[in-house]
Amino acid sequence: MQTRPPEPSSFPYSLCLNLLKDLETLVEVVAQHLYGDDNKWNFIAVTEATKVLARLAFLRNSGYKMLLHGGETLNDGKYPNDANQQQTRRHLSRQGRNGNFTPEGRALSAMSRFGENARILSDPTWFRRAEHHQRAIMELPETSVKKPTLSSFLSEKGVHGVLLLMGEVMFIARPLVYVLLIRKYGFRSWLPWFASLTVDLIGMTSSTTLLLGDKDRHHRLSNPEKDELRRRKLLLALYLMRDPCFSRYTRQKLESTEKLLEHVPIVGFLTAKLIELLVGAQTRYTYMSGS
């Protein structure tokens, strides 16, 4: 059995970002309790700045691929359609000219199905995890060799690469810009709200433009990347839950809806509880940050 020499593992950026996401609410609560509502934004800004640095480093380390869930999920850059097409070609290569399987093809197909079924039924969970880990290690040297630099990435992708980087940088930097403006002007000011929305819309426009070149094999997006763009569009709804929009408009609509449904059995009770949860969650920046 031939084995490749082990490569040094890269820094676990995804794990680091997941830990920061878990700790940011704790940081906000402790900072608000010890230093008050105004001074807590200093600690939130430090947390967001740390996330920005980690995501920029992860973006560079991943070869300038789109960050999935803010970098919490690895983007392997694989296209399921390509794998299906390769499997279809192997399937068709075993067929004869009349469209039927050759004896060799039937034997290989039967053995493949038998081995796959036996493997699913008999392999323990730990063995599958070990096999997946071994496969990742074997593929690591190949992916590390193909990792592009910024200049090579832009020269290869052209305008498509510029739009991708612009959308990712806007998405990464937007929470920090929002927090810094709140720290300076206060969360009751419209300036942080509008500035954050503008940065989000510019980044969203740049990323959505990538779908126009999706038919080009060199510029197409994978299914997880398309899902990520849809997720980012849904995050725009959080602007309705952020001050000053929430205190001036959204809360009034919620209270009017609660009064309208309060006499309806069960529905009124559930609506009141749901609105109560929304109002309580709105008081925490980390619950509505979308970062």
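- Taking each heavy atom of Ser247 and Pro244 in turn, the nearest pair found is OG-O, 3.2 Å.
- Checked options Lys21, Glu24, Glu28; the residue passing with Thr47 is Glu24 (criterion: side-chain contact (heavy atoms from CB on, under 4.5 Å)).
- In the hydrophobic cluster analysis, where Ile, Leu, Val, Met, Phe, Trp and Tyr join through side-chain heavy atoms closer than 4.5 angstrom, Ile172 is grouped together with Tyr64.
- Of all heavy-atom pairs between Gly70 and Glu228, the closest is N-OE2, 4.4 Å.
- Here Lys65 contributes atom NZ and Leu164 contributes atom CG; the two are 11.5 Å apart, rounded to the nearest 0.5 Å.
- The CG atom of Asp227 sits 10.0 Å away from atom CD of Glu225, with the distance rounded to the nearest 0.5 Å.
- One finds the CG atom of Leu201 at 11.0 Å from the CZ atom of Arg174 (value rounded to the nearest 0.5 Å).
- Transitive grouping of hydrophobic side chains (ILVMFWY, heavy atoms separated by less than 4.5 Å) keeps Val52 and Ile44 in distinct clusters.
- Nearest approach of Lys40 to Thr283, heavy atoms of both residues: NZ-O, 4.3 Å.
- Atoms CG and OH, from Leu67 and Tyr13 in turn, are 12.0 Å apart once rounded to the nearest 0.5 Å.
- No continuous path of hydrophobic side-chain contacts links Met288 to Ile182 [ILVMFWY only; heavy atoms under 4.5 Å].
- With hydrophobic clusters built from ILVMFWY side chains whose heavy atoms lie under 4.5 angstrom apart, Val159 shares a cluster with Leu165.
- Hydrophobic cluster membership differs between Trp190 and Met241, with clusters built from Ile, Leu, Val, Met, Phe, Trp and Tyr side chains linked at under 4.5 angstrom.
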Item checked: Residues Val279, Phe246; criterion side-chain contact (heavy atoms from CB on, under 4.5 Å); working and verdict -> CA-CA 9 Å; Val279 173; Phe246 179 81; 4.0 Å; yes
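- Using a 4.5 Å cut-off on side-chain heavy atoms (C-beta onward), Phe58 and Leu74 make contact.
- No close placement of the Tyr285 and Phe187 rings is indicated, their centers lying 6.0 Å or farther apart.
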Next item on the list: Kindly indicate, with the supporting measurements, whether the criterion side-chain contact (heavy atoms from CB on, under 4.5 Å) is fulfilled by Leu238 and Tyr287.
Entry: CA-CA 10 Å; Leu238 292 176; Tyr287 292 161; over 6 Å; no
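- Comment: Glu262 does not engage Lys259 in a salt bridge, judged by the lack of any side-chain N to carboxylate O separation of less than 4.0 angstrom.
- The shortest heavy-atom contact between Ser196 and Tyr239 is OG-OH, 2.8 Å.
- Between Leu229 and Met66 there is a side-chain heavy-atom pair separated by less than 4.5 Å.
- Neither side chain, Tyr178 nor Ser289, offers a donor N or O lying under 3.5 Å from an acceptor on the other.
- The structure places OG1 of Thr271 at 10.5 Å from CG of Leu254, a figure rounded to the nearest 0.5 Å.
- Within 6.0 Å of atom CG in Leu15, more than 12 heavy atoms from other residues, nucleotides or ligands are found, so the atom counts as buried in its surroundings.
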Checklist line | Criterion side-chain contact (heavy atoms from CB on, under 4.5 Å) on Met170 and Asp200, from CA distance to verdict | finding: CA-CA 7 Å; Met170 291 289 183; Asp200 256 338; over 6 Å; no
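- Residues Leu163 and Ser206 approach most closely at O-CB, 3.6 Å, considering heavy atoms.
- At distances below 3.5 Å, not a single donor-acceptor pair connects side-chain atoms of Ser207 with backbone N or O atoms of Met204.
- Counting heavy atoms from C-beta outward, Ser291 and Lys51 have side chains that approach closer than 4.5 Å.
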Notebook entry, point to check: Step by step, would you call Val30 with Phe43 a side-chain contact (heavy atoms from CB on, under 4.5 Å)?
Noted result: CA-CA 10 Å; Val30 173; Phe43 298 90; over 6 Å; no
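- For Ser152 (side chain) and Thr149 (main-chain N/O), a donor-acceptor pair under 3.5 Å exists by modelled atom type.
- Side-chain atoms of Arg284 and Val29, non-hydrogen and from C-beta on, do get closer than 4.5 Å to each other.
- Considering every non-hydrogen atom in both Lys233 and Thr208, the closest pair reads CE-OG1, 3.8 Å.
- Within 6.0 Å of CG in Asn39 there are more than 12 heavy atoms belonging to other residues, nucleotides or ligands.
- Arg251 CZ to Cys245 SG: the interatomic distance, rounded to the nearest 0.5 Å, is 13.5 Å.
- Remark: the backbone N or O of Leu240 is paired with a side-chain donor or acceptor of Thr250 at under 3.5 angstrom.
- Using a cutoff of 4.0 Å between basic side-chain nitrogens and carboxylate oxygens, Arg60 and Glu168 are not scored as salt-bridged.
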